Number of protein chains: 2
Amino acid sequence: MTKKNIPRPTESELEILQVLWQHGPSTVRFVNDELSKRRDVGYTTTLKLLQLMHEKGIVTRDDSSRTHVYRPALREQETQGQIIDRLLEAAFGGSALKLVQQALGNRRTTREELDQIRDLLDNIDPQTPPPPTTDASDELA
Amino acid sequence: MTKKNIPRPTESELEILQVLWQHGPSTVRFVNDELSKRRDVGYTTTLKLLQLMHEKGIVTRDDSSRTHVYRPALREQETQGQIIDRLLEAAFGGSALKLVQQALGNRRTTREELDQIRDLLDNIDPQTPPPPTTDASDELA
DNA sequence: TGTTTGCTACGAAGCCATTCGTAAAGGCTG
DNA sequence: CAGCCTTTACGAATGGCTTCGTAGCAAACA
């Protein structure tokens with residue numbers, strides 16, 4: 001199954017991916033310890049999750065030694081991008097603007113972060129061609 | 001019934017909420033027609049979804065006439081805000097900056113939207129006092 | 001008035017995510 | 001060596017989401 005088909009990580013899987021992204025290749029024990037800092041989770045639960053993720057191709061593992069070492073098979077940015085895509089469609093009607101407004105509006109954001117975002121904005125090439133607004137309001141059913 | 005506890009809408013429920021937010025109070029038929037523009041969905045499926053959402057308190061309905069009229073019980077901004085909160089925790093380690101970077105970085109965003117975001121930034125009161133930075137970078141596992 | 005159409009209610013099935021219990025095996029220590 | 005600890009592998013139970021089929025009823029229509 002060398003599928004390009006990237007499985008969409010569940011919420012639990014994302015938690016684990018975050019640990020792996022942040023700390024690099026990790027054992028089940030380590031991942032579980034990290035997760036345990038945030039919530040109650042059994043060791044075998046974490047193990048099972050990692051095994052499933054392995055089957056799905058979300059992580060790879062080195063099982064040459066008895067204690068397996070897992071590492072992410074998905075890159076952080078790509079994955080996050082995908083998630084945003086979904087969210088954009090699912091909850092924001094495709095409007096990145098609305099999403100950013102929400103992310104920044106209802107939240108305490110530091111001046112430093114705001115500045116960083118401004119920098120980011122200045123480095124974006126605006127996509128001049130506004131997509132032909134597919135206004136389906138004239139259709140009927 | 002009158003639960004304070006706001007249930008977190010599922011993805012399908014969000015689709016429906018979007019229709020209601022956008023078009024106002026709607027019948028099952030109307031919602032289903034809207035959903036059908038995007039994907040294949042049976043009438044009774046939409047009906048059931050709306051009934052469940054009603055039970056959960058996600059929508060209210062007027063059943064005084066034979067054809068019931070549903071309307072959202074959650075406000076768009078609040079709901080979207082909640083969703084962002086979750087996403088922030090689940091996938092972005094709580095960093096709104098990272099999220100915004102992803103939302104804007106890998107995406108075709110129009111100049112107009114970028115300008116609007118700049119306006120938004122200018123109207124945000126930055127949280128100048130970075131609270132006693134709980135810098136966890138020295139922790140180990 | 002009898003038929004057809006449209007609507008709601010309900011239940012059940014299928015699928016997936018999550019959690020946990022238990023067993024088997026390797027390795028380490030006393 | 002014996003026993004304990006850690007690890008992996010499974011299997012199963014649970015619960016939630018989604019979908020659909022069927023039935024009953026009301027309204028509209030010819």
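Just so it is clear, the model here is predicted, and its values are computed rather than measured.
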Starting from the 5' end of DNA chain C, give me the residue, B/Thr67 or A/Asp40, whose nearest nucleotide shows up first.
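The residue whose closest nucleotide sits nearer the 5' end is B/Thr67.
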What is the distance, to the nearest angstrom, from the [atom1] atom on [X] to the [atom2] atom on [N]?
X       : N      : atom1 : atom2 : result
A/Lys56 : C/dC15 : NZ    : C1'   : 12 Å
B/Gln51 : D/dC20 : CD    : P     : 15 Å
B/Asp63 : C/dC7  : CG    : P     : 16 Å
A/Asp62 : D/dT7  : CG    : C1'   : 15 Å
B/Leu52 : C/dA12 : CG    : P     : 15 Å
B/Glu55 : C/dG11 : CD    : P     : 11 Å
A/Leu47 : C/dT22 : CG    : P     : 16 Å
A/Arg39 : C/dT18 : CZ    : P     : 8 Å

Quick one: is [X] getting a side-chain N or O under 4.0 Å of the [N] phosphate, OP1 or OP2?
X       : N      : value
A/Arg61 : D/dA9  : yes
B/Thr44 : D/dC20 : no
B/Thr45 : D/dT18 : no
B/Tyr43 : C/dT8  : yes

If you measure from the Lys or Arg side-chain nitrogens to the Asp or Glu carboxylate oxygens, is any gap between A/Glu89 and B/Arg38 under 4.0 Å?
yes
If the threshold is 4.0 Å, N to carboxylate O, is there a salt bridge linking A/Arg8 and B/Glu11?
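Salt bridge between A/Arg8 and B/Glu11, a charged N being under 4.0 Å from a carboxylate O: yes.
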Quick check: does any side chain N or O of A/Ser26 sit under 3.5 Å from a backbone N or O of A/Gly24, one acting as donor and the other as acceptor?
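Yes, because the side chain of A/Ser26 sits within donor-acceptor range (under 3.5 Å) of the backbone of A/Gly24.
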Just by distance, with hydrogens left out, do A/Glu55 and A/Gln51 show a side-chain donor and acceptor under 3.5 Å apart?
no
With a 3.5 Å cut-off and heavy atoms only, can you find an N or O donor on one side and an acceptor on the other between the side chain of B/Arg66 and the base of C/dT8?
no
Could you check whether the side chain of A/Lys48 and the base of C/dG21 have a donor-acceptor pair of N or O atoms closer than 3.5 Å, going by distance alone?
no
Please determine which of B/Leu20, B/Val19, B/Ile16 meets the side-chain contact (heavy atoms from CB on, under 4.5 Å) test together with B/Pro72.
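It is B/Leu20, the one option of B/Leu20, B/Val19, B/Ile16 that forms the side-chain contact (heavy atoms from CB on, under 4.5 Å) with B/Pro72.
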Describe the nucleic acid contact of A/Val41 in one word from base, sugar-phosphate, nothing, applying a heavy-atom distance below 4.0 Å.
nothing
